[in-house]
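What you see below is based on every heavy atom in this structure, not just the backbone, and it leaves out hydrogens, waters and symmetry mates. We count residues from 1, following the sequence as given. First listed ligand is number 1; within each ligand, the first listed atom is number 1.
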Amino acid sequence: MTHRADQNDRAVLDSWHAVGFLETLGTAPTTTRLLGVDLTIQRDADAAITVHAQGHASPLPVAERYGCLWTSLGTPPATPLAIPEADEPDRRLVCCGSIDVHASGLRVVENFLDMAHFPFVHTNILGAEPQTEVLRYHTEWRRDVDEIWATDCRFHQPQAALSAVGGQDTGYIYRVASPFVTLLYKTCPNDALRPDVIALFVQPTGPERCRAHPVMFLIDDFSTQADLIQFQQKIFLQDRIILENQRPRLLPLDARAEIPTRADSLSVTYRRWLKQKQVRYGATSALPDT
Ligand SMILES: [Fe+2]
């Protein structure tokens, strides 16, 4: 069975995908995989990066943005998604390391959008019993930019960020910019007006496998880079245990496949959006009938 994307899977093929952190790319060529296709990444003498894909005569499009190398197997937009906060001079870019996950990348995005798991998976960090209820929030499909947003989300968190002192009611805004690219904006303990921004760039390597690249854009003058990375990695490794135990590993896009609750309104909207875009890679509909 091929693990390559169907040529009709345009939303996936024509997206930009992060395929690694720039800081890890040396002068020697490195290899990775995107949508079942082997890639070779090379930094030329003039420091320009070239990405070659097995079976493709021409080099792939490349972009260097948000600490990552981005590429596409199709015809992507002019640039990867805009994150205006990334240009604020006092924000710290924190590249948290790439993590392989044996699950569909769509599952990894969906899990990133879910608040209900905080008290049970990130106990005493992003949530704690008995405060387990997900309060009503607003979800919308912004048609002008073709993105999914969820606003007015709130959750009580014992340790919302490394720099947080004591518990806080954290406000969240979630954003899905493309099927495998998602971000959240959450109350920053160090700035009353500007939120911290945490992005998750997911590189689908196979239908049931991916590499996650978490990137944070923080307002934090206190913490060391190593401690910030460790805090985020600890949280993501807690998620990975859950993700790798989900069955099916592919994300079901049939609305009847999993029973929605109110807390899942963002998940339901994400799945409907994927279905409407006819995304197949990483979804159960990608499986051949057996
Ligand atoms: Fe989580």
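- Taking the six-membered ring for Trp and the full ring otherwise, the centers of Phe120 and Phe118 sit at least 6.0 Å from each other.
- The environment of CD in Gln233 is crowded: more than 12 heavy-atom neighbours from other residues, nucleotides or ligands sit within 6.0 Å.
- For Asp239, the N, O or S atom with the smallest separation from the Fe ion (ligand 1) is OD1.
- Seen from the ring of Trp273, Arg271 does not count as a face-on cation partner, given the 6.0 Å and 45° thresholds.
- Below 30°, between 30° and 60°, or above 60°: for Tyr172 and Tyr174 the angle between ring planes is below 30°, a parallel geometry.
- Take the N/O/S atoms of His122: the one nearest the Fe ion (ligand 1) is NE2.
- Among the backbone and side-chain atoms of Asp114, none of the N, O or S atoms lies under 2.8 Å from the Fe ion (ligand 1).
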